[in-house]
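Below is one structure; the comments refer to it alone.
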Amino acid sequence: MEMEIPVINFDELHGEGREKTMALLHQACEQWGFYLVENHGIDKKLMEKVKQLVNSYYDENLKQRFYESEIAKSLKNKDNTSEIDWESTFFIWHRPTSNINEIPNLSEDLRKTMDEYIAELIKLSEKLSELMCENLGLEKTSLKDAFSGSKGPSVGTKVAKYPACPHPELVRGLREHTDAGGVILLLQDDQVPGLEFLKDGEWVQIPPSKNNTIFVNIGDQVEVLSNGRYKSVLHRVMPNKYGSRLSIATFYNPAGDALISPASRLLYPTQYRFQDYLQFYSATKFSAKGPRFEAMKTMANGQIA
């Protein structure tokens with residue numbers, strides 16, 4: 001199934017279109033759980049170089065090994081493939097510490113290019129987190145602060161190739177799941193499709209990214225922090241018989257020791273006496289209810305006599 005995916009144009013955030021763009025972002029986070037970002041400010045030549053170097057690394061170091069792997073043998077023998085993902089991957093940690101120098105056979109050019117790209121992507125992640133916080137009525141650094149733990153947010157990249165598959169009807173590229181972390185920013189193939197997200201009970205096909213737009217989806221921890229306002233959504237990758245799909249997914253996640261809970265401003269008050277609410281209501285009946293709820297939170301915490 002194909003749908004018109006929400007597109008957030010960063011150029012529209014600096015003029016008359018800002019209010020409309022912020023509303024579109026809010027709607028995308030609430031009703032879709034994913035969206036595209038264009039005019040994000042990351043150098044497109046840099047993005048093209050990342051893709052080119054990763055594709056070369058796969059061809060030179062991983063492709064033959066994958067087709068000789070137990071995964072490929074299982075599919076060839078048509079064994080039970082329900083627990084198999086048809087993907088070739090490696091993971092790079094960037095923050096708080098990097099493992100990029102420990103990954104075998106990565107060229108110096110790829111290391112430097114990836115580090116440069118990630119530095120720009122972290123800036124975009126933090127800008128998106130600020131915009132989401134603004135839409136939720138939170139302080140703009142609330143998400144970053146919640147993610148920081150003792151050493152700052154955790155950032156890592158899953159580099160994946162979904163090789164051409166001789167029997168795509170028997171296997172998933174990647175089985176259905178939501179992402180555990182925070183905000184996921186995807187640089188993906190511009191030719192080969194395969195990514196699908198669940199929307200209103202239907203699988204939506206995410207087309208290949210043209211002009212190096214960034215595909216963004218929300219992870220479980222943002223759903224928790226937003227008290228369910230913003231949703232993490234099931235997604236999967238379907239294999240392709242004729243093409244090999246590239247996926248470079250960067251995760252802007254909480255630190256391992258970060259303590260996660262819904263933002264207090266997004267919670268309803270709890271454990272208050274109804275008679276106390278009625279007393280406060282009688283004086284504020286014709287005012288907005290939001291401040292009344294905030295006052296009841298304070299009252300419930302024993303800070304108002």
Side-chain angles (χ1 to χ4, degrees), residues 34 42 46-47 49-72 83-126 147-149 151-163 171-189 192 194-195 209 214-222 232 235-237 239 244-258:
F34 56 93
I42 300 177
L46 175 63
M47 299 170 77
K49 188 174 182 181
V50 170
K51 292 191 291 185
Q52 181 263 316
L53 289 171
V54 168
N55 277 326
S56 295
Y57 178 81
Y58 169 76
D59 287 340
E60 294 168 8
N61 296 276
L62 302 176
K63 183 175 181 178
Q64 182 177 349
R65 188 189 313 169
F66 177 81
Y67 283 111
E68 294 173 352
S69 69
E70 291 302 315
I71 293 174
E83 302 296 318
I84 288 176
D85 296 315
W86 186 262
E87 62 174 358
S88 174
T89 71
F90 62 96
F91 199 90
I92 306 173
W93 284 109
H94 310 290
R95 305 283 190 280
T97 57
S98 173
N99 71 340
I100 198 166
N101 291 323
E102 301 167 16
I103 298 172
N105 301 320
L106 281 190
S107 68
E108 186 66 19
D109 197 14
L110 177 50
R111 290 192 183 99
K112 287 184 176 181
T113 303
M114 182 64 76
D115 282 345
E116 186 179 348
Y117 169 66
I118 292 301
E120 293 300 310
L121 206 62
I122 290 173
K123 294 177 186 176
L124 177 59
S125 303
E126 292 179 346
F147 279 13
S148 287
K151 297 181 180 180
S154 175
V155 181
T157 298
K158 177 186 175 183
V159 181
K161 287 284 283 189
Y162 296 92
V171 69
R172 294 278 191 267
L174 183 61
R175 285 163 288 166
E176 293 81 357
H177 66 289
T178 62
D179 288 324
V183 181
I184 299 87
L185 300 97
L186 174 65
L187 173 60
Q188 67 163 343
D189 207 288
V192 181
L195 181 62
S209 292
I214 296 284
F215 181 86
V216 179
N217 70 280
I218 288 169
D220 295 346
Q221 304 316 305
V222 171
S232 64
H235 53 285
R236 66 188 184 185
V237 177
S244 179
R245 176 178 173 270
L246 174 65
S247 167
I248 303 172
T250 299
F251 297 80
Y252 183 78
N253 283 352
D257 63 348

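In this text the structure is predicted, and so the values were computed from the model without any measurement.
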If I compare all heavy atoms of [X] with all of [Y], which pair ends up nearest, and what's the gap?
X    : Y    : value
G173 : P239 : N-CD, 3.4 Å
A160 : E87  : CB-OE1, 4.4 Å
S154 : P254 : CB-O, 3.5 Å
Y162 : S247 : CE1-CB, 3.9 Å
S232 : G219 : CB-C, 3.5 Å
A255 : G152 : CB-O, 3.4 Å

Restricting to salt bridge (charged side-chain N to carboxylate O under 4.0 Å, His left out), what partner residues turn up for [X], sequence neighbours left out?
X    : result
E70  : K73
R172 : E176
K51  : E48, D190

Indicate every side-chain donor-acceptor pair of residues 112-120 with a distance under 3.5 Å to a residue at least two apart or in another chain.
{"from": "T113", "atom 1": "OG1", "to": "D109", "atom 2": "O", "distance (Å)": "2.7"}
{"from": "T113", "atom 1": "OG1", "to": "D109", "atom 2": "OD1", "distance (Å)": "3.4"}
{"from": "E120", "atom 1": "OE2", "to": "K123", "atom 2": "NZ", "distance (Å)": "3.4"}

With sequence neighbours left out, write down each residue that passes side-chain contact (heavy atoms from CB on, under 4.5 Å) with N101, or none if nothing qualifies. R111

Under the side-chain contact (heavy atoms from CB on, under 4.5 Å) test, residues paired with V192 that sit two or more places apart: D189, N240, R245

Between atom [atom1] of [X] and atom [atom2] of [Y], what is the distance when rounded to the nearest 0.5 Å?
X    : Y    : atom1 : atom2 : value
T157 : F90  : OG1   : CZ    : 9.5 Å
I100 : L110 : CD1   : CG    : 6.5 Å
I71  : D85  : CD1   : CG    : 7.5 Å

Test ring-ring contact (aromatic ring centres under 6.0 Å, His included) applied to [X] - qualifying residues, sequence neighbours left out:
X   : value
F34 : W32, F197, F215
F91 : W93
H94 : none

Would you mind telling me which of I248, I214, L187, V50 makes a side-chain contact (heavy atoms from CB on, under 4.5 Å) with L121? I214

Apply side chain to side chain donor-acceptor pair (under 3.5 Å) to Y252 and list each qualifying residue two or more places apart in sequence or on a separate chain. none

Residue pairs, two or more places apart or on separate chains, that pass salt bridge (Lys or Arg N to Asp or Glu O under 4.0 Å) and touch residues 54-63: none

Side-chain touch [X]/[Y], heavy atoms, less than 4.5 angstrom:
X    : Y    : value
K161 : L246 : yes
F66  : W86  : yes
N253 : Q221 : no

For a quick test of your reading: what N or O donor-acceptor pairs under 3.5 Å do the side chains of residues 177-186 make, sequence neighbours left out?
{"from": "H177", "atom 1": "ND1", "to": "R175", "atom 2": "O", "distance (Å)": "2.8"}
{"from": "H177", "atom 1": "ND1", "to": "H235", "atom 2": "O", "distance (Å)": "3.4"}
{"from": "H177", "atom 1": "NE2", "to": "D179", "atom 2": "OD1", "distance (Å)": "3.4"}
{"from": "H177", "atom 1": "NE2", "to": "H235", "atom 2": "NE2", "distance (Å)": "3.2"}
{"from": "T178", "atom 1": "OG1", "to": "D220", "atom 2": "OD1", "distance (Å)": "3.0"}
{"from": "T178", "atom 1": "OG1", "to": "D220", "atom 2": "OD2", "distance (Å)": "3.4"}
{"from": "D179", "atom 1": "OD2", "to": "N217", "atom 2": "ND2", "distance (Å)": "2.9"}
{"from": "D179", "atom 1": "OD2", "to": "H235", "atom 2": "NE2", "distance (Å)": "3.3"}

